[in-house]
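What's counted below: heavy atoms across the whole structure, side chains too, no hydrogens, waters or symmetry copies. Just so we're on the same page: letters track the sequence lines, and every chain starts at 1.
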Protein chains: 2
Amino acid sequence: MDRGPLPTRVDQVDLDVLENTLSFYIRVLDVAVSRDLDERLQGFEVARGKWKITALLLIDNHPGIRPSVLAEIAFKDRSAMGRILDQFEVHGLITRRVSAEDGRAQELYITEKGSALAAKVRSIVVQQSKDFFDRIIPPAEQDVVIDVLKRAYHRLREIQE
Amino acid sequence: MDRGPLPTRVDQVDLDVLENTLSFYIRVLDVAVSRDLDERLQGFEVARGKWKITALLLIDNHPGIRPSVLAEIAFKDRSAMGRILDQFEVHGLITRRVSAEDGRAQELYITEKGSALAAKVRSIVVQQSKDFFDRIIPPAEQDVVIDVLKRAYHRLREIQE
DNA sequence: TATTGTTATACTCTATAACTATA
DNA sequence: TATAGTTATAGAGTATAACAATA
């Protein structure tokens with residue numbers, strides 16, 4: 001079967017069935033946007049890794065939130081989230097208290113340092129997403145995609161509960 | 001500042017600025033869809049890791065394709081792609097030949113075993129994406145998202161060349 | 001001097017299971 | 001017996017730099 005010249009350049013390559021497979025685009029765009037975000041967060045305690053940002057912002061915004069709730073939101077198990085929280089504690093970003101209502105559970109609270117970091121991270125994350133996607137998706141279409149994916153995420157949360 | 005009862009349940013939590021940040025949805029959906037896909041590919045040589053599938057299908061579909069082209073498509077560096085190709089070779093899925101035109105470059109070819117695997121993987125990947133997203137995004141909206149993200153991906157490729 | 005691919009390394013994430021303390 | 005969180009570990013991906021061979 002002749003397929004033409006050897007594919008030595010990217011523009012000679014088609015993506016096979018991946019061309020119309022949504023999971024491919026989610027996965028490849030995740031790599032690109034996550035790498036770009038990590039670059040912008042270099043030097044901050046939340047750089048690298050997907051869930052530190054989410055954990056920090058939610059602890060800042062929801063004093064007393066539990067580790068298990070964070071884990072569920074991030075589709076992670078408790079042990080992985082626990083390690084992130086260990087790091088946060090070491091860096092003085094949060095404190096952990098045993099819940100008065102349930103001796104097994106913890107309540108997470110942001111520190112002053114953590115709150116200051118959350119404020120910075122909040123603006124960086126929003127700006128990064130905007131800057132990154134503005135280069136490759138027209139704003140009106142971004143709104144459409146966010147709308148669809150937002151509902152997809154919440155639907156997925158319902159299914160997996 | 002009173003924010004109501006302690007957030008002990010997921011539905012009491014809002015996502016802060018992430019609620020309207022596209023990168024968050026790309027990142028969280030990537031985790032979920034990738035995990036689901038890995039489960040379906042258990043036992044196959046391409047399970048785990050994001051780029052084995054892409055590499056295998058493209059080598060199958062583009063005989064003679066170069067490692068550096070694969071790396072570029074996947075936004076990965078050559079060393080990471082090289083290690084995936086090492087695995088493929090060990091498993092007898094591909095062969096590598098030095099290019100006749102350029103002694104530095106390699107040409108990659110699928111083996112019979114690799115081609116058989118590619119055929120299986122092709123159908124699994126397509127079906128998995130469909131099954132996964134059909135549960136959380138109406139088909140018509142999936143088409144819209146694919147259309148937008150496809151252009152975003154190709155635009156990103158252009159920018160990064 | 002630049003490019004293709006390899007090797008080495010250090011870091012991180014992932015998945016799993018076993019464990020404790022409490023309910 | 002189930003749940004919240006911890007600890008330990010093995011496997012894999014990621015990022016970076018240095019390297020050899022070729023252009």
Provide, to the nearest angstrom, the distance between the CG atom belonging to B/Leu70 and the P atom belonging to C/dT6.
12 Å
What is the distance from NZ of A/Lys50 to C1' of C/dA15, rounded to the nearest Å?
16 Å
Crowding at CZ, B/Arg48 (>12 non-hydrogen neighbours, <6.0 Å):
no
Identify, between B/Gln42 and B/Asp102, the residue whose nearest nucleotide on DNA chain C lies closer to the 5' end.
B/Asp102
Protein-nucleotide distance (A/Trp51, atom CH2; C/dA15, atom P), rounded to Å:
12 Å
Does OP1 or OP2 of C/dC13 have a side-chain N or O of B/Arg35 closer than 4.0 Å?
no
Residues in contact with DNA chain D, drawn from residues 76-93 of chain B - heavy-atom cutoff 4.0 Å
B/Lys76, B/Asp77, B/Ser79, B/Arg83, B/Gln87
Go through the steps to decide whether A/Asp131 and A/Arg135 satisfy the test salt bridge (Lys or Arg N to Asp or Glu O under 4.0 Å), and finish with yes or no.
CA-CA 7 Å; A/Asp131 291 345; A/Arg135 297 179 304 155; over 6 Å; no
Does the base of C/dT12 carry an N or O that pairs as donor and acceptor with the side chain of A/Arg48 under 3.5 Å?
no
For B/Lys130, does the NZ atom sit with more than 12 other heavy atoms under 6.0 Å from it, leaving out its own atoms?
no
For B/Ile59 and B/Leu85, what are the C-alpha separation, side-chain angles and deciding distance, and is it a side-chain contact (heavy atoms from CB on, under 4.5 Å)?
CA-CA 10 Å; B/Ile59 296 168; B/Leu85 299 175; 3.8 Å; yes
Exam field: side chain B/Ser99 to backbone B/Ala105, donor-acceptor pair closer than 3.5 Å
no
Can you give the first and last nucleotides of DNA chain D, 5' to 3', that have an atom under 4.0 Å from a heavy atom of chain B?
D/dG13 to D/dA23
Closest heavy-atom pair and its distance - B/Glu45, B/Lys52
O-CD, 3.8 Å
Quickly work out the B/Ile65 CD1 to C/dT4 C1' distance and round it to whole Å.
15 Å
For the backbone of B/Arg104 and the side chain of B/Asp102, can you confirm whether one donor and one acceptor N or O come within less than 3.5 Å of each other?
yes
Upstream residue (5' side of DNA chain C) when A/Gly103 and A/Ala47 are each assigned their closest nucleotide
A/Ala47
Following the transitive rule for hydrophobic clusters with a side-chain heavy-atom cut-off under 4.5 Å over Ile, Leu, Val, Met, Phe, Trp and Tyr, establish whether A/Val90 and A/Ile84 coincide in one cluster.
no
Considering the options A/Asp36, A/Leu37, A/Asp30, which one meets the side-chain contact (heavy atoms from CB on, under 4.5 Å) requirement together with A/Ser34?
A/Asp30
Once you round it to whole Å, what is the distance between C1' of C/dT12 and CG of A/Leu41?
16 Å
Given atom CD of A/Gln106 and atom C1' of C/dT22, what is their separation to the nearest angstrom?
13 Å
